[in-house]
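Working notes for the structure below.
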Number of protein chains: 2
Amino acid sequence: MAVKKVKKELDTTTEAKIKAAARVVFHKKGFAATRTRDIAEEAGINLALLNYYFRSKEKLFDIIMLETMQGFLKSIAMEFNNDKTTLEKKIEIISSAYIDLLIVEPQVPLFIMSELRSNPNELLQNLNTKQIIMNSAFAVQYQQAIKQGKIAPQHILHFIMNLMALTVFPFVASPMLKIIGDVKDEHFGKLMVERKKMIPIWIKAMMKAK
Amino acid sequence: MAVKKVKKELDTTTEAKIKAAARVVFHKKGFAATRTRDIAEEAGINLALLNYYFRSKEKLFDIIMLETMQGFLKSIAMEFNNDKTTLEKKIEIISSAYIDLLIVEPQVPLFIMSELRSNPNELLQNLNTKQIIMNSAFAVQYQQAIKQGKIAPQHILHFIMNLMALTVFPFVASPMLKIIGDVKDEHFGKLMVERKKMIPIWIKAMMKAK
DNA sequence: GTCTATAACGTGATAGAC
DNA sequence: GTCTATCACGTTATAGAC
């Protein structure tokens, strides 16, 4: 059958299998600690194929890194630029969507942050999330709310830090939290679900405080 | 002079120089990405001396890791167990002390968290911070405040997560935040100082919200 | 204790048969 | 496209002179 492969089958392509495996292993161990052999094994393919399709470990990594960053920032960036929703609604949507995302792929934030630490962040410059967020519909609404005295006059970066901190940090710190708090995986999951309700409430309280 | 070295001089010992260098490099790059040669160079000593004093890269790493974790958790653990201070005062002291600490060594949390990710956490088990926090004076005060209706009935781990998130996360995520927010290092530092004042205010507002 | 030289090993990448 | 075999190199660790 010389029929062109349809999209559904893309995941079973050798190339796709390698990418999927690379994603898993890189996310779990980071660039320096993963061996190309780990990826090949995870993908169930031969080591040579990795270089055949992607030329080098680094090239493969760059692809995974870029896609991961895009996936991670896309959800905020989009909702920040949605001019149909109120400030409060945005907070609910973002934190809820993020926690759902992180329950599925809890290693992503730590992966991104630890890789960004050493890398001369050329990769990031390409993601034009930069001014997309600071000039977003959200930013406008935020400044308006301050002018109207609805929220305390705090730098918008504090807001972004706080929102991300409350949603993302527990996943980044989970190994430590599980030990400090002596919490099992299942219980930890329950706490995260609770946070979906609480974070918007907490954030709103914070924004008014001064 | 066969006089025993006094404490002040300990830092100039070869062994101490290696440890100090190892701390710097491991914190910056993590275990997998650092080469013993990097440490030797940073310490200004010969590579062979590293193995002479510490037997292996891994043994040296374990020492740094343990000391770093202890330093990082000591400050919370101590204040949590201080029964002379009120709940509110504890929050102020902890967040302020932490931010001061992190301004000096901003790489520490990311180092700890990324190394903890892969490691079978035998190291952590030794730190008996485990039940020290959950059975602390703070924990008692926290439960009392809930009973007295002073704060919303939320699992104490949520509180710990929130306090750590607000103080620690900006340092963990700083590379990303600097790009998203287009912030220079100097401005970032100013934001962190602002947070010393704000975090206790925010936390108190959150604790009452429901 | 400190150095140089080198051994022993792991890992990324490729050549070449199929 | 996929495999086996192997190269080339960097890195950890040690032997042995000083």
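Atoms considered below: every heavy atom in the structure, side chains included; atoms not considered: hydrogens, waters and symmetry mates. Residue numbers start from 1 in every chain, and the chains themselves are labelled A, B, ... in the order their sequence lines are given, proteins ahead of strands.
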Handout entry: A/Lys19, NZ atom: more than 12 neighbouring heavy atoms under 6.0 Å
Key = no
Can you measure [X] atom [atom1] to [N] atom [atom2] for me and round it to whole angstrom units?
X       : N      : atom1 : atom2 : result
A/Arg55 : C/dT14 : CZ    : C1'   : 11 Å
B/Phe61 : D/dT11 : CZ    : P     : 18 Å
B/Ile45 : D/dA13 : CD1   : P     : 13 Å
B/Tyr53 : C/dT2  : OH    : C1'   : 8 Å
B/Lys57 : D/dA13 : NZ    : P     : 8 Å
B/Glu41 : C/dC3  : CD    : P     : 14 Å

Exercise for the section: Side-chain contact test, heavy atoms from C-beta onward, threshold under 4.5 Å: evaluate it for A/Arg35 versus A/Lys57 and give yes or no. Expected result: no
Exercise for the section: Check whether the side chains of A/Glu194 and B/His158 place a donor and an acceptor atom closer than 3.5 Å, and report yes or no. Expected result: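 Yes.
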Give a yes/no on whether any side-chain N or O of [X] is located under 4.0 angstrom from OP1 or OP2 of [N].
X       : N      : answer
A/Arg35 : C/dT11 : yes
B/Thr14 : C/dT2  : yes
A/Asn51 : C/dG12 : no

Fill in the blank from the handout: Regarding the side chain of B/Tyr52, the nearest nucleotide among C/dA13, C/dG1, D/dT2 is C/dG1
Completion exercise
Side-chain contact check for B/Ala48: nearest option of D/dA13, C/dA13, C/dT4 is C/dT4
Problem - Result of checking A/Thr85, A/Asn81, A/Asn82 against A/Lys90 for side chain to side chain donor-acceptor pair (under 3.5 Å) - result: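 Option passing the side chain to side chain donor-acceptor pair (under 3.5 Å) with A/Lys90: A/Thr85.
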Problem - No-H, no-angle donor-acceptor pair, A/Arg37 side chain to C/dG10 base, under 3.5 Å - result: no
